[in-house]
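Comments concern the structure below.
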Amino acid sequence: MNQASHCFGFEKDFVGNWRCIPLCVRRKLDLIGVKLKLSHWMEFTREQRQDLVDWPDQPSALSGMREHLRKLTLETADGMVKDLPIAVEEPWQTLAVIPKAVQQAAWERSASIGTNQWADLFELERFALCKLARPGHDHHNLDAAFSEILG
């Protein structure tokens, strides 16, 4: 799996037109510590959005993405993107412990996920489950995410 640009099947309704920020881009934003609003995203051209989807996720490439987004958003209605803390030791980056929200969501769906299975997932897959299972999220893609990621 190419985590940098992989889009999940449950995201298929906006792949190509990019009317939503896909999880592969959201992961990169967390890794570089940038708050990109959907309103920013919607001001970008389809080609600019595609470039962000295709952007590599190696650390050297990601630092370039931060600068690129600053320049890209400088003249937008919402102004330049804001900085956030860079993701370090986030639940989706931790292999040894399944986050409680993911455990609870799995239990509610009669899905099974063990520590070894969690550790074997790609970081993007762990990111997706954490983001979709978090409290306050609408969870409408969570069933599909569990099916696709855990099989």
hydrophobic_cluster_shared for Met42 and Leu36, side chain cutoff 4.5 Å
yes

Pick from Leu23, Leu31, Val25: which one makes a side-chain contact (heavy atoms from CB on, under 4.5 Å) with Arg27?
Leu31

Going by heavy atoms in the side chains, are Cys24 and Leu124 under 4.5 Å from each other?
yes

Flag the pair Phe44 / Thr73 as yes when at least one side-chain heavy-atom distance between them is below 4.5 Å, and no otherwise.
yes

Rounded distance (nearest 0.5 Å) linking atom CD of Gln103 with atom OG of Ser112
11.0 Å

Please report the C-alpha distance between Arg26 and Phe127 in whole Å, then the side-chain angles of each, then the deciding distance to 0.1 Å, and finally whether the side-chain contact (heavy atoms from CB on, under 4.5 Å) criterion is met.
CA-CA 9 Å; Arg26 291 175 56 195; Phe127 177 85; 4.0 Å; yes

For Asp78, enumerate each residue passing the salt bridge (Lys or Arg N to Asp or Glu O under 4.0 Å) test, keeping only those at least two apart in sequence or located in another chain.
none

Is there a chain of hydrophobic side chains (I, L, V, M, F, W, Y, each step under 4.5 Å between heavy atoms) that links Val97 to Val102?
no

Heavy-atom side-chain proximity of Met65 to Leu62 below 4.5 angstrom:
yes

At their closest point, which heavy atom of Ile113 faces which heavy atom of Ala106, and how far apart are they?
CG2-CB, 4.1 Å

Met80/His40 under side-chain contact (heavy atoms from CB on, under 4.5 Å): CA gap, chis, key distance, verdict:
CA-CA 9 Å; Met80 192 170 67; His40 284 125; over 6 Å; no

Taking all heavy atoms of Arg134 and all of Ala101, pick out the closest pair and write down the distance.
CA-CB, 4.5 Å

Side-chain heavy-atom pair Gln3, Asp57 within 4.5 angstrom cut-off:
yes

Derivation and outcome, side-chain contact (heavy atoms from CB on, under 4.5 Å), residues Arg19 and Asp13
CA-CA 9 Å; Arg19 62 180 173 78; Asp13 59 333; 3.0 Å; yes

At what distance, to the nearest 0.5 angstrom, does OG1 of Thr45 lie from CG of Asp51?
7.5 Å

Could you tell me the separation between the CD atom of Glu125 and the CD atom of Glu148, rounded to the nearest 0.5 Å?
8.5 Å

With side-chain contact (heavy atoms from CB on, under 4.5 Å) as the test, would you mind laying out the steps for Trp118 and Leu129 before giving the verdict?
CA-CA 10 Å; Trp118 177 256; Leu129 291 176; 4.2 Å; yes

May I ask you to decide if Arg46's main-chain N or O and Gln50's side chain share a donor-acceptor pair within less than 3.5 Å?
no

Less than 4.5 Å apart, any side-chain heavy atom of Lys131 and any of Asp30?
yes

Is there a path of hydrophobic side-chain contacts, each under 4.5 Å between heavy atoms, that joins Leu95 and Trp92?
no

Here the pair of heavy atoms bringing Cys20 nearest to Leu38 is CA-CD1, 4.2 Å

Would you say that Arg109 contacts Leu142 through its side chain, given a criterion of any heavy-atom pair below 4.5 Å between the two side chains?
yes

Would the distance check show the side chain of Trp41 and the main-chain N or O of Arg49 forming a donor-acceptor pair, the cut-off being under 3.5 Å?
no

Closest non-hydrogen atoms of Thr94 and Glu89, given as atom of the first, atom of the second and distance, are OG1-O, 3.9 Å

Rounded to the nearest 0.5 Å, what separation is found between the CG atom of Leu69 and the CG atom of Leu74?
12.0 Å

Would you give the length of the straight line joining atom CZ of Phe146 to atom CG of Leu132, rounded to the nearest 0.5 angstrom?
9.0 Å

Less than 4.5 Å apart, side chain to side chain, heavy atoms only: is that true for Ile21 and Leu52?
no

Where does the angle between the aromatic ring planes of Phe8 and His6 fall among parallel (under 30°), tilted (30 to 60°) and perpendicular (over 60°)?
perpendicular

More than 12 foreign heavy atoms under 6.0 Å from CD of Glu75: is that the case here?
no

Main-chain N/O of Pro22 paired with Glu11 side-chain donor or acceptor, under 3.5 Å
no

Judged by atom type as modelled, is there a donor-acceptor pair below 3.5 Å linking the side chain of Lys12 to the main-chain atoms of Cys7?
no

Would you say Leu72 and Leu84 are hydrophobically clustered, going by side-chain heavy atoms of ILVMFWY under 4.5 Å?
no

Is any side-chain heavy atom of Trp55 closer than 4.5 Å to one of Ile32?
no

CZ/Arg66 to CG/Leu29 distance, rounded to the nearest 0.5 angstrom?
10.5 Å

